[in-house]
Amino acid sequence: MNTELSLLRREGLASADDLRGRLPGEEDRKRGPYAVIECFEKIPCNPCVVSCRFNAILPFEDINDLPYVDFSACTGCAVCARVCPGLAIFIVDESMEGEMGTIMLPYEYLPLPEKDRQVLARGRDGKVLFPARVVRVMKGGKGKTALVTLEVPKEYLQEVRSFSIPEEQVSAPGVCTAADLPEESPIVCRCEGVDLEEIRDLIARGYKTVDEIKHRSRAGMGPCQGRSCRQVILSELARDAGVSLEEFEAGSFRPPTTPVSIDVLAKGSEEDAENS
Ligand code: SF4
Ligand code: SF4
């Protein structure tokens, strides 16, 4: 008996077997953004196919066929994701340098999150994985679904499949606190693999600033440069100090506040030299 297929049938959770043929190979991943279609039911539905002007969704000889992406033709334009009624299409981009990539997720709730807001990235089973930053929001309307792009470590791009906005009552607007993290896997810093227990242990041992915790644990020193974990660490420090997050002295937050590639910095210094 195929138990993984049963899982899909029983709980709607795709297994590695179900995803076979739905993810691109190494070369196509580097080329640019691409669509991942997680549509497993043979139903009479084809908006994805007819909307794709690159004919990148195959085979569709019959309207009940399951859609498969031809990654050599897909440009990651996201048109299909905007019209899929099943919210089954995700646009992944892991072509950029560094350890972070992006995933564009269909989102049907209001209000939409704002750009730069922290949300909680969730897996296929709906469980919270980690805080993630919104980097782009495409509004919906006129038969099109809104798409929200999150910045995610590349190793998790095939795991994040939804997100939620943290409850306002447990967080200052736009940030995540430890209360938003999952109890079973409270990872605070995904980049460096630092969990909540380690952060709390350091605070209990007398490390009382973000910088001290950063230097001891490396939390915040990864490619996202602390944009995901900093607020959680701050909220833990504020809790320890017995003050609100707003009252807590946050300390320094040195630029760059977003990752900057070395060629941008190099270009800047060349321009400085020319102007001097
Ligand atoms: S992302 Fe664009 S090119 Fe790729 S399958 Fe969807 S509509 Fe076609
Ligand atoms: S539009 Fe969405 S639900 Fe319909 S066949 Fe395409 S992927 Fe499946």
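Worth saying up front: this structure is predicted, and the values here are computed from it rather than measured. Counting convention: from 1, in listed order, for ligands and their atoms alike.
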Exercise for the section: Report the part of Ala81 (side chain from C-beta onward, or backbone N, CA, C, O) that has a heavy atom under 4.0 Å from ligand 1; answer both or neither where that applies. Expected result: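 Neither; no heavy atom under 4.0 Å.
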Using a strict 4.0 Å cut-off to heavy atoms of [X], name the atoms of ligand 2 that fall inside it.
| X | answer |
| --- | --- |
| Cys84 | 1 (S), 2 (Fe), 3 (S), 7 (S) |
| Cys45 | 1 (S), 3 (S), 4 (Fe), 5 (S) |
| Ile37 | 7 (S) |
| Pro85 | 1 (S) |

Problem - Salt-bridge criterion met for Arg29 and Glu94 (N-O under 4.0 Å) - result: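 A salt bridge links Arg29 with Glu94.
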Exercise for the section: May I ask you to decide whether Glu151 forms a salt bridge with Arg133, counting only side-chain N to carboxylate O separations under 4.0 Å? Expected result: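 Yes.
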Atom pairs and distances, side-chain donor-acceptor, residues 212-222, under 3.5 Å, sequence neighbours left out:
{"from": "Glu212", "atom 1": "OE1", "to": "Lys208", "atom 2": "N", "distance (Å)": "2.7"}
{"from": "Glu212", "atom 1": "OE1", "to": "Thr209", "atom 2": "N", "distance (Å)": "3.3"}
{"from": "His215", "atom 1": "ND1", "to": "Asp211", "atom 2": "O", "distance (Å)": "3.1"}
{"from": "Arg216", "atom 1": "NE", "to": "Tyr207", "atom 2": "OH", "distance (Å)": "3.4"}
{"from": "Ser217", "atom 1": "OG", "to": "Ile213", "atom 2": "O", "distance (Å)": "2.7"}
{"from": "Ser217", "atom 1": "OG", "to": "Ala219", "atom 2": "N", "distance (Å)": "3.1"}
{"from": "Arg218", "atom 1": "NE", "to": "Glu192", "atom 2": "OE1", "distance (Å)": "3.3"}

Practice task
Please identify each residue that fulfils side chain to side chain donor-acceptor pair (under 3.5 Å) with Arg161, with sequence neighbours left out.
Solution key: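 Testing Arg161 for side chain to side chain donor-acceptor pair (under 3.5 Å), a comparison that skips the adjacent residues, returns Glu38, Gln158.
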Problem - No-hydrogen, no-angle side-chain donor-acceptor test under 3.5 Å, Arg122 and Ser164 - result: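 Ser164 and Arg122 do have a side-chain donor-acceptor pair below 3.5 Å.
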Problem - Modelled atom types, side-chain donor and acceptor of Asp17 and Ser15, under 3.5 Å - result: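 Note: Asp17 and Ser15 side chains miss the donor-acceptor criterion.
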Exercise for the section: Look at atom NZ of Lys154 and say whether more than 12 heavy atoms of other residues, nucleotides or ligands are closer to it than 6.0 Å. Expected result: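 Correct, the count exceeds 12.
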Handout entry: Within 6.0 angstrom of Arg136 CZ, more than 12 heavy atoms from elsewhere
Key =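 Counting neighbours around CZ of Arg136, 12 or fewer heavy atoms of other residues, nucleotides or ligands fall under 6.0 Å, so no.
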Practice task
For ligand 2, note which part of Cys39 has a heavy atom under 4.0 Å away: side chain, backbone, both or neither.
Solution key: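 Contact part for Cys39 vs ligand 2: side chain (C-beta onward).
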Problem - Count of N, O or S atoms belonging to protein, less than 2.8 Å from atom 8 (Fe) of ligand 1 - result: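 Considering protein N, O and S only, atom 8 (Fe) of ligand 1 has 1 within range.
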Handout entry: Under 4.0 Å to a heavy atom of Ala78 - the qualifying atoms of ligand 1, by number
Key =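 Under 4.0 Å from Ala78, ligand 1 has these atoms: 1 (S), 2 (Fe).
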Problem - Atoms of ligand 1 close to Gly76 [distance to a heavy atom under 4.0 angstrom, numbered from 1] - result: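 Checking each atom against Gly76, I get 1 (S), 4 (Fe).
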Just distance, no hydrogens or angles: give the donor-acceptor pairs under 3.5 Å from side chains in residues 50-61, sequence neighbours left out.
{"from": "Ser51", "atom 1": "OG", "to": "Pro47", "atom 2": "O", "distance (Å)": "3.0"}
{"from": "Ser51", "atom 1": "OG", "to": "Cys48", "atom 2": "O", "distance (Å)": "3.0"}

Exercise for the section: Please work out which of the three classes, parallel, tilted or perpendicular, describes the rings of Phe163 and Tyr107, given edges at 30° and 60°. Expected result: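 Parallel, since the angle between the ring planes stays under 30°.
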